[in-house]
Amino acid sequence: MNHQMKLNAWAFKQIANRTKKYEIRLYDEKRRDIEVGDKIVFSELPLLENKIEVNVLDLIIANNFEELFTEFDPVLAGWKKGESPRKCANDMSKYYPREDQEKYGVVAIKIKLDK
């Protein structure tokens, strides 16, 4: 199955240069449809003209971002070396409030650039 998602320019470039191996999202209804082996086409914000396709290699599901960031090295999701799971979780909470994390859970989507 193919999925569509939007990314800010910084994250888009990290995937394009193969340094970002995980995309972090709320595990809402849209993300619950993602399975290992699926493809995701990311469109770069704000214009959505640049696109990049990745393969889904794995899904790590957790109750909240702090728990999630203990499951893998946050550097692989774009954070600086040495940043704590709490710091990474606080960064993500700017996009997804704690109430939404508790309602849906969160997911780290392990990806590999197609091609």
Side-chain angles (χ1 to χ4, degrees):
M1 180 182 271
N2 288 338
H3 306 274
Q4 305 287 323
M5 292 187 200
K6 299 172 188 172
L7 276 177
N8 67 45
W10 173 82
F12 188 90
K13 285 176 182 56
Q14 283 193 314
I15 290 173
N17 70 22
R18 301 177 190 270
T19 58
K20 186 171 168 56
K21 309 289 186 190
Y22 287 91
E23 175 58 20
I24 311 302
R25 299 285 173 126
L26 199 64
Y27 196 49
D28 57 10
E29 292 89 357
K30 182 177 179 181
R31 264 49 80 164
R32 288 178 191 267
D33 289 340
I34 298 171
E35 296 180 3
V36 172
D38 286 355
K39 293 188 182 288
I40 301 172
V41 176
F42 289 109
S43 299
E44 184 180 15
L45 291 165
L47 301 178
L48 308 178
E49 293 172 352
N50 294 327
K51 298 184 185 307
I52 196 165
E53 186 172 273
V54 299
N55 295 305
V56 176
L57 302 179
D58 196 13
L59 301 168
I60 302 172
I61 301 161
N63 294 316
N64 57 59
F65 289 119
E66 191 164 356
E67 179 183 309
L68 184 69
F69 284 113
T70 66
E71 298 293 320
F72 66 97
D73 185 349
V75 169
L76 298 174
W79 273 265
K80 293 177 184 167
K81 184 175 177 141
E83 290 188 333
S84 71
R86 179 169 291 180
K87 161 75 167 80
C88 299
N90 286 341
D91 291 346
M92 288 303 297
S93 293
K94 296 172 189 170
Y95 302 101
Y96 303 113
R98 186 77 175 176
E99 301 79 38
D100 289 346
Q101 295 174 50
E102 291 171 6
K103 180 177 180 181
Y104 297 109
V106 297
V107 62
I109 306 166
K110 187 173 185 181
I111 55 175
K112 181 180 180 192
L113 187 61
D114 201 24
K115 296 176 185 151

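What you are looking at is a predicted structure, and each value in this text was computed from that prediction instead of being measured.
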Q | Residues that Lys87 engages under salt bridge (charged side-chain N to carboxylate O under 4.0 Å, His left out), provided they are two or more places apart | A |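 Scan of Lys87 (salt bridge (charged side-chain N to carboxylate O under 4.0 Å, His left out), adjacent residues dropped) gives Glu83, Asp91.
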Q. Residues in salt bridge (charged side-chain N to carboxylate O under 4.0 Å, His left out) with Arg98, at least two apart?
A. Glu102
Q: Identify, with sequence neighbours excluded, every residue that meets ring-ring contact (aromatic ring centres under 6.0 Å, His included) alongside Tyr95.
A: none
Q. Quick one: ring-ring contact (aromatic ring centres under 6.0 Å, His included) partners of Phe69, sequence neighbours excluded?
A.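 Counting only residues at least two positions away or on another chain, Phe69 forms a ring-ring contact (aromatic ring centres under 6.0 Å, His included) with Phe72, Trp79.
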Same cluster or not: [X] versus [Y], using hydrophobic residues (I, L, V, M, F, W, Y) connected whenever any side-chain heavy atoms lie under 4.5 Å apart?
| X | Y | value |
| --- | --- | --- |
| Val54 | Leu76 | no |
| Met5 | Ile15 | yes |
| Phe42 | Met92 | no |
| Tyr27 | Leu7 | yes |

Minimum side-chain heavy-atom gap [X]-[Y] below 4.5 Å:
| X | Y | value |
| --- | --- | --- |
| Lys110 | Glu23 | no |
| Leu57 | Ile111 | no |
| Val41 | Ile52 | no |
| Asp28 | Arg32 | no |
| Leu68 | Ile24 | yes |
| Ile34 | Ile109 | yes |

Q.
So, using side-chain contact (heavy atoms from CB on, under 4.5 Å) as the criterion, who are the partners of Ser43 when residues are at least two apart?
A.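 Residues passing side-chain contact (heavy atoms from CB on, under 4.5 Å) with Ser43: Leu48, Lys51.
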Q: State, without any angle test, whether Asp38 and His3 hold a side-chain donor-acceptor pair at a distance under 3.5 Å.
A: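 Yes, His3 and Asp38 have a side-chain donor paired with an acceptor closer than 3.5 Å.
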Q. Under 3.5 Å, is there a donor-acceptor pair between the Glu44 and Asn50 side chains?
A. yes
Please find the pair of heavy atoms, one from [X] and one from [Y], that lie closest to each other, and give the distance.
| X | Y | value |
| --- | --- | --- |
| Glu71 | Ile60 | CB-CG2, 3.8 Å |
| Leu113 | Glu53 | CD1-O, 3.7 Å |
| Lys30 | Gln4 | NZ-O, 3.0 Å |

**Q.** Side-chain donor/acceptor of Lys6 to backbone N/O of Leu45, under 3.5 Å
**A.** no
(Q) Once side-chain hydrogen bond (donor to acceptor under 3.5 Å, both in side chains) is applied, what residue pairs with a partner in residues 54-63 remain, sequence neighbours excluded? (A)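 Matches after skipping sequence neighbours: Lys39-Asn55, Asn55-Asp114, Asn63-Glu67.
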In Å, rounded to the nearest 0.5 Å, how long is the span from [atom1] of [X] to [atom2] of [Y]?
| X | Y | atom1 | atom2 | value |
| --- | --- | --- | --- | --- |
| Arg86 | Asn90 | CZ | CG | 7.5 Å |
| Asp73 | Tyr22 | CG | OH | 9.5 Å |
| Ile61 | Tyr104 | CD1 | OH | 15.5 Å |
| Ser93 | Phe65 | OG | CZ | 6.5 Å |

